[in-house]
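This report refers to the structure that appears directly beneath it.
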Protein chains: 2
Amino acid sequence: MAYTVKQLADLAGVSVRTLHYYDEIGLLMPDAYGENGYRYYDEDALLRLQQILFFRELDFRLDEIKAIIDRPDFDVLRALQTHRVTLEEKAARLTGLMQTVDKTILRLKGELGMSDKELFEGFDEEKQKQYAEEARRRYGSAEVDDSMKRWGNYSSAQKQQIVAEGEQIRRDLAASMGKGYDNPAVQQIVARWHQHLRYFYEPSVERLRGLGQLYVDDPDFRANYAKLDPKLPEFFRDAITFYCTDKT
Amino acid sequence: MAYTVKQLADLAGVSVRTLHYYDEIGLLMPDAYGENGYRYYDEDALLRLQQILFFRELDFRLDEIKAIIDRPDFDVLRALQTHRVTLEEKAARLTGLMQTVDKTILRLKGELGMSDKELFEGFDEEKQKQYAEEARRRYGSAEVDDSMKRWGNYSSAQKQQIVAEGEQIRRDLAASMGKGYDNPAVQQIVARWHQHLRYFYEPSVERLRGLGQLYVDDPDFRANYAKLDPKLPEFFRDAITFYCTDKT
DNA sequence: TATAAACTATGACGCCGCGTCAATGTCAAG
DNA sequence: CTTGACATTGACGCGGCGTCATAGTTTATA
């Protein structure tokens with residue numbers, strides 16, 4: 001199914017002018033030009049445009065984006081995973097700014113001694129750029145970044161967010177408990193759960209085809225994850241019950 | 001204490017060129033020029049620059065920023081509070097993008113049916129701009145926005161974040177338990193706690209001079225907040241114990 | 001006290017990522 | 001067969017600085 005410029009523009013929430021420009025600089029070329037000169041985009045363009053938007057969101061310049069996603073070894077899946085971490089970095093930065101807001105409010109009320117320097121805490125994008133620098137090297141390359149996936153490597157803000165995500169998934173699953181394990185909505189949640197687990201436990205996530213299996217099999221995992229989220233045992237108990245009663 | 005350009009630039013994490021430019025367009029003028037032509041900034045410039053950076057962070061244009069903070073009725077405190085909400089909006093948007101990342105990963109793995117439209121969910125800044133539009137009108141005006149401060153008005157992403165903040169404060173307090181209530185660090189945490197409570201319970205926050213008092217007095221509040229954060233009763237118990245043992 | 005290093009100033013040009021016209025051609029519906 | 005929505009290319013311009021260049025001033029060190 002081919003999209004015209006406006007169709008794609010509306011779908012992706014960008015302007016027609018932007019698509020023209022991306023074509024002009026060779027960043028996103030249409031699948032084909034009609035004999036009238038019209039641009040027609042195919043499915044591949046969707047994913048490519050999505051990548052472009054993600055990178056743009058993370059403050060990459062368009063020529064950088066082009067260089068990255070044109071590399072023959074560019075790996076979309078890996079890129080997406082890196083996007084996620086980088087988005088979390090960005091969110092954590094915003095959290096830092098919120099704290100600066102709070103502290104400034106208290107300073108203005110005279111309730112808090114606050115150094116001049118602290119007034120500007122969180123604005124700096126140094127870490128951000130540092131990360132991007134790494135990312136520029138890493139995107140697309142087959143180089144593995146397992147080190148980032150160890151719990152100890154996350155910042156506390158990231159940890160909070162990750163735990164919150166876990167809780168959300170748990171709530172969602174709880175809300176879908178009645179629907180039966182083979183219900184597509186439930187399957188989606190389970191998939192999100194598998195995805196989520198990658199934060200903690202990479203190597204044998206593939207073993208997680210059966211929900212909770214790892215929790216049952218691996219006392220080490222059980223202990224570690226339970227430390228992060230005290231309600232997790234409950235969750236697993238429920239989930240396993242859920243899984244078993246439905247499967248048998 | 002007067003800052004030179006570089007001193008201020010380093011402190012705030014902006015470039016000297018930026019300060020020159022802000023002077024040029026009248027956005028941030030130095031307190032005084034030396035006879036050598038040097039710029040010297042005073043304390044007021046710090047807060048003004050901080051405001052500028054906050055607005056810039058929220059994608060306001062410099063001329064808009066100038067118009068806003070030059071208004072005679074510009075209210076820094078109110079602006080800061082609005083900043084906070086807007087920052088949360090931004091963070092929530094990033095959360096949405098993370099979900100799009102997750103879903104795209106699953107789509108690529110074939111584990112999830114996902115419409116083309118969903119590929120671009122979260123990129124749109126419409127809400128963002130809509131909010132900014134409101135903000136432009138509201139910043140500096142004395143108009144009250146209490147409606148935003150009711151729990152029901154928060155998005156679920158915001159709620160998550162607010163709860164996470166509460167948990168963080170609780171952890172911080174727990175870590176400071178030994179230091180005595182009059183310890184400045186503890187007072188800071190208490191102040192953050194008071195600030196935090198404004199999310200839920202605006203009118204009588206002033207009554208919260210004694211920590212936990214409201215929890216003791218108001219069963220309605222007790223019930224409502226406990227629903228949000230199951231561990232809160234513990235916290236209050238600890239906090240009250242802490243407060244009482246130290247006060248008596 | 002000489003000199004180097006670090007800071008300051010004021011111009012002026014250039015860049016990116018489009019927005020925003022303008023002029024013109026094409027397609028689908030009534 | 002008109003009308004309106006859509007398509008094209010081309011050109012100009014903007015915001016927010018980065019990045020020189022040129023030149024004066026202050027501070028540290030030898």
Side-chain angles (χ1 to χ4, degrees), chain A residues 2-41 45 48-49 51-69 123-126 128-129 132 136, chain B residues 2-41 45 48-49 51-69 123-126 128-129 132 136:
Chain A
Y3 292 96
T4 66
V5 267
K6 185 166 190 344
Q7 282 165 1
L8 180 55
D10 287 348
L11 187 70
V14 302
S15 73
V16 170
R17 174 66 177 109
T18 298
L19 292 181
H20 282 171
Y21 183 62
Y22 288 176
D23 184 9
E24 184 183 331
I25 64 174
L27 181 56
L28 180 68
M29 320 269 294
D31 175 48
Y33 295 90
E35 30 188 287
N36 43 21
Y38 284 21
R39 294 168 176 83
Y40 295 106
Y41 297 87
R48 188 172 168 109
L49 180 52
Q51 282 301 312
I52 293 170
L53 294 183
F54 272 125
F55 279 108
R56 196 180 65 168
E57 181 70 32
L58 300 173
D59 301 319
F60 284 68
R61 287 182 330 198
L62 298 188
D63 56 349
E64 289 177 332
I65 299 176
K66 181 166 155 53
I68 290 171
I69 66 184
F123 284 111
D124 205 341
E125 301 182 17
E126 199 169 353
Q128 209 82 8
K129 290 192 174 175
R136 264 173 268 269
Chain B
Y3 292 95
T4 66
V5 266
K6 187 165 184 357
Q7 281 164 4
L8 180 56
D10 288 347
L11 186 70
V14 302
S15 74
V16 170
R17 173 71 177 107
T18 298
L19 293 180
H20 281 171
Y21 183 62
Y22 289 176
D23 185 8
E24 184 183 331
I25 64 174
L27 180 56
L28 180 68
M29 319 268 294
D31 173 48
Y33 295 90
E35 29 187 290
N36 44 21
Y38 284 22
R39 294 167 174 85
Y40 295 105
Y41 297 88
R48 188 173 169 108
L49 180 53
Q51 283 301 312
I52 294 170
L53 294 183
F54 273 125
F55 279 106
R56 196 180 64 169
E57 182 71 32
L58 301 173
D59 301 318
F60 284 69
R61 286 182 332 199
L62 297 188
D63 56 350
E64 290 177 331
I65 299 176
K66 181 167 156 53
I68 289 172
I69 65 184
F123 285 110
D124 206 341
E125 302 183 18
E126 199 169 352
Q128 208 84 8
K129 290 192 174 176
R136 264 174 269 269

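Quick note on labels: first sequence line is chain A, next is B, and so on, each numbered from 1.
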Polar-atom pairs under 3.5 Å, protein N or O versus N or O of nucleotides 23-25 of chain C: list them with distances, or write none.
residue: C/dG25; atom: N2; partner: A/Tyr38; partner atom: OH; Å: 3.2

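- Of all the heavy atoms in A/Ser15 and A/Ala9, the pair that sits closest is C-CB, 4.1 Å.
- For residues 3-19 of chain A, the set of pairs meeting the salt bridge (Lys or Arg N to Asp or Glu O under 4.0 Å) definition, not counting sequence neighbours, comprises A/Lys6-A/Asp10.
- Put simply, NZ on A/Lys66 and CZ on A/Arg48 are 6.5 Å apart, with the number rounded to the nearest 0.5 Å.
- The nearest whole Å value for the distance from the CZ atom in A/Arg61 to the P atom in C/dG17 is 7 Å.
- Nearest heavy-atom pair across A/Ile68 and A/Phe55 is CG2-CZ, 3.8 Å.
- Once rounded to the nearest 0.5 Å, the distance linking CG of A/Leu53 with CZ of B/Phe123 reads 5.0 Å.
- Relative to the axis of its first five pairs, the axis of the last five pairs of the helix from C/dT1-D/dA30 to C/dG30-D/dC1 sits at 20°, rounded to 10 degrees.
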For residues 28-37 of chain B, which side-chain donor-acceptor pairs fall under 3.5 Å, sequence neighbours excluded?
residue: B/Tyr33; atom: OH; partner: B/Asp23; partner atom: OD1; Å: 3.1
residue: B/Tyr33; atom: OH; partner: B/Asp23; partner atom: OD2; Å: 2.9
residue: B/Asn36; atom: OD1; partner: B/Tyr38; partner atom: N; Å: 3.0

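- The CZ atom of B/Arg56 sits 10.0 Å away from the CG atom of B/Leu27 when rounded to the nearest 0.5 Å.
- B/Tyr22 has its side chain out of reach of B/Val14: every pair of non-hydrogen atoms, C-beta onward, lies at least 4.5 Å apart.
- Minimum interatomic distance between A/Ala12 and A/Leu49 (heavy atoms only, all atoms of both residues): CB-CD2, 3.5 Å.
- Annotation: proximity of residues 6-31 of chain A to DNA chain C (heavy atom, distance under 4.0 Å) is found for A/Ser15, A/Arg17, A/Thr18, A/Tyr21, A/Tyr22, numbered in ascending order.
- Between atom OH of residue B/Tyr21 and atom CD1 of residue B/Ile25 there is a gap of 4.5 Å, rounded to the nearest 0.5 Å.
- Residues B/Leu62 and B/Ile65 form a side-chain contact, since some pair of their non-hydrogen atoms from C-beta on lies under 4.5 Å apart.
- Atom CD in A/Glu64 sits roughly 17 Å away from atom P in C/dC15 (whole-Å rounding).
- On the nucleic acid side, DNA chain D contacts chain B at distances under 4.0 Å to non-hydrogen atoms, with the end points of that region at D/dG16 to D/dT26.
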